[in-house]
Amino acid sequence: MTLSVFNTMGSRKEPFVPLVPGKVGMYVCGVTVYDLCHIGHARANVAFDIIVRYLRHTGYDVTYVRNFTDIDDKIIRKANQEGVPFEAVTKKYIGAFYEDFDRLGLLRPDAEPKATGHIPEIVALTERLVRAGKAYPVGGDVYYSVKGFPEYGKLSGKNVEDLLAGARVDVDERKNDPLDFALWKASKPGEPAWESPWGPGRPGWHIECSAMSMKRLGETFDIHGGGKDLVFPHHENEIAQSEAATGKPFARYWLHNGFVNINNEKMSKSLGNFFTLRDVLARVKPEVLRFFLASSHYRSPIDYSDRSLGEAKAGLDRLYRVKEKAESCRAAGATPSSAPEGGEFEPLRGAPARFADAMDDDFNTAAALGRLFDAVRALNRLAPAEPSADRERAGIFLAGYELLDPLFAVLGLLRAGAKEYFKERLDVTHVGGISSGTTISDAVRVEIISRITEDEIERRIEARRAARAAKQYAEADRIRKDLEAAGVLLEDGKTGTTWKYKE
RNA sequence: GGCGGCAUAGCCAAGUGGUAAGGCAGAGGACUGCAAAUCCUUUAUCCCCCGGUUCGAAUCCGGGUGCCGCCUCCA
């Protein structure tokens, strides 16, 4: 099977055939840096992170470009509120972006252009449109003339008449037509400004993505991605201005991720019902959020709740337990031998192909995870109770695990050591849950958990071992219960007792 | 008003013409001093409702109901 993707342009799945065999140019709309990122941003970024990882996994040489929008009205407003230069705002939130998304394990793109770093390109593209009669200057602004692009609406499936009939198009006297949008905006006194043929001003929102994507990837490139909410008007406008300027098709495949919902409603800044990534990463380990996001198809809406996160954690724990076993096999000196024979292990041996089948179907991570769980069940059957005493079995187990590890890597999962995963303790826990009727302020209140030290845990395990040896099971069970109440889970194995944090 | 999407077990979620993946939770069994973990078995006679097409539909078509999104900044 070969990769097919759902192309918003045309609203159907199509075989993916890149412009240049073996190479993929991909541009994803990034964030406007005026505030902390929320889970919606996390979803978009994780979705495209997995897409890039998979494309590379299948052998494509991917050039991945993701921008920062670092000049716009919201940034200016924030800077004014805080009485700082706009660069201070963007610098701060770009820093926050990396801090949050590095924890989520996002790949760094090959290029991360910023609008303010591409003013000459933006001005040049705007001039090109003006010269071509596709745009017109009015009093320091420059507007794109939508009427001059007959295909306007081809991405979002809208037609110009319907848009005009909608009462929500703002009326601006200076525009020739209500649908026209700004390529360049004249600056008011005191606002950030760059010189241009039309006087001091700054770029409109849409033009930066056209200018920066074409600069990095050429006038026609393979994949353009972003959230569903960018289809109209942002991407529609990008197409209009880019294709009007070049006369060539702009992006060939348009990929859009679905929203994160809270209580079945879109989470967004404007609705105020959002959780920042930091809120979430204070509650769960980053990979739990990744697992949660990967457990739905990227185009489907996904409902965020404590319960879903808890289920994701349980599922990811299960996967990490497999990695934990692989690590103990390796620690026991085993080396990977060969994958197990026999029909019952087919889900394991066939995992790479099954995984690829799922991912080839428009990056179906939910189905791919299902195949991985099938493989994990088969692999667990082989787990040696005592790796050091059963090297042969340990070697087969390791070989099986190594078949799977690259697939987990495509999803960005199981990237930590199992020990760190199970013994990484979250610093804070939240009071209150995220469920129907919960307000955001309830949910983000935090309290510090009182901790028990690892030495103390070891001490108590030793006391319990002694009690068990003396068959004082009541005492042994009491110790286990106390530790459990402190969030520590004990597991008795053949070679001794191990522990992990429960949360 | 215009355009679009979704409705699958207690919960999450794949599947889009051939007779319901997977996860979580639950039940029984094996293992264990008991647990935990793991393994085995089990949990939707049926995929919102009503019609239709078909040898055959959760999957296609028509109608209905419900929910959501876009048309304004938004991942």
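Proteins get letters first, then strands, A, B, ... in listed order; numbering begins at 1 in each.
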Let's see if you can work this out: which of [options] has an atom nearest to the side-chain heavy atoms of [X]?
X        : options             : answer
A:Ala367 : B:G33, B:A14, B:C39 : B:A14
A:Arg464 : B:A75, B:A21, B:C34 : B:C34
A:Arg480 : B:G15, B:C73, B:G33 : B:G33
A:Lys158 : B:G33, B:C71, B:C39 : B:C71
A:Thr32  : B:A75, B:C34, B:G22 : B:A75

Touch class at under 4.0 angstrom, heavy-atom based, for A:Ala314 against every strand present: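 Contact class for A:Ala314: sugar-phosphate only.
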task: Remember a base hit wins even if backbone is also touched, and classify A:Asp492 as base, sugar-phosphate or nothing at under 4.0 Å, heavy atoms.
output: base
- prompt: For B:C34, what is the paired nucleotide under Watson-Crick or G-U wobble rules, both distances under 3.5 Å?
  reply: none
query: Rounded to the nearest Å, what distance is computed from the CD1 atom of residue A:Ile302 to the P atom of nucleotide B:C68?
result: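 Nearest whole value for this atom pair: 18 Å.
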message: Could you tell me if the side chain of A:Ile76 sits less than 4.5 Å from the side chain of A:Arg202, heavy atoms only?
response: yes
- request: Establish whether the base of B:G33 is bridged to the side chain of A:Arg468 by a donor-acceptor pair shorter than 3.5 Å.
  value: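 Yes, the side chain and the base share a sub-3.5 Å donor-acceptor pair.
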- prompt: Which residue lies toward the 5' end of RNA chain B, A:Asn257 or A:His297, if each is placed at its nearest nucleotide?
  reply: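 It is A:His297, whose closest nucleotide lies nearer the 5' terminus.
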task: Run the ring-centre check on A:Tyr27 versus A:Tyr64 and record whether the distance is less than 6.0 Å.
output: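 Distance test on ring centres: not under 6.0 Å, no.
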query: Under 30°, 30 to 60°, or over 60°: which ring-plane class applies to A:Phe181 and A:Tyr144, parallel, tilted or perpendicular?
result: parallel
query: Any idea how A:His38 and A:Phe274 line up, ring-wise: parallel (<30°), tilted (30 to 60°), or perpendicular (>60°)?
result: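 Geometry flag for A:Phe274 against A:His38: tilted rings.
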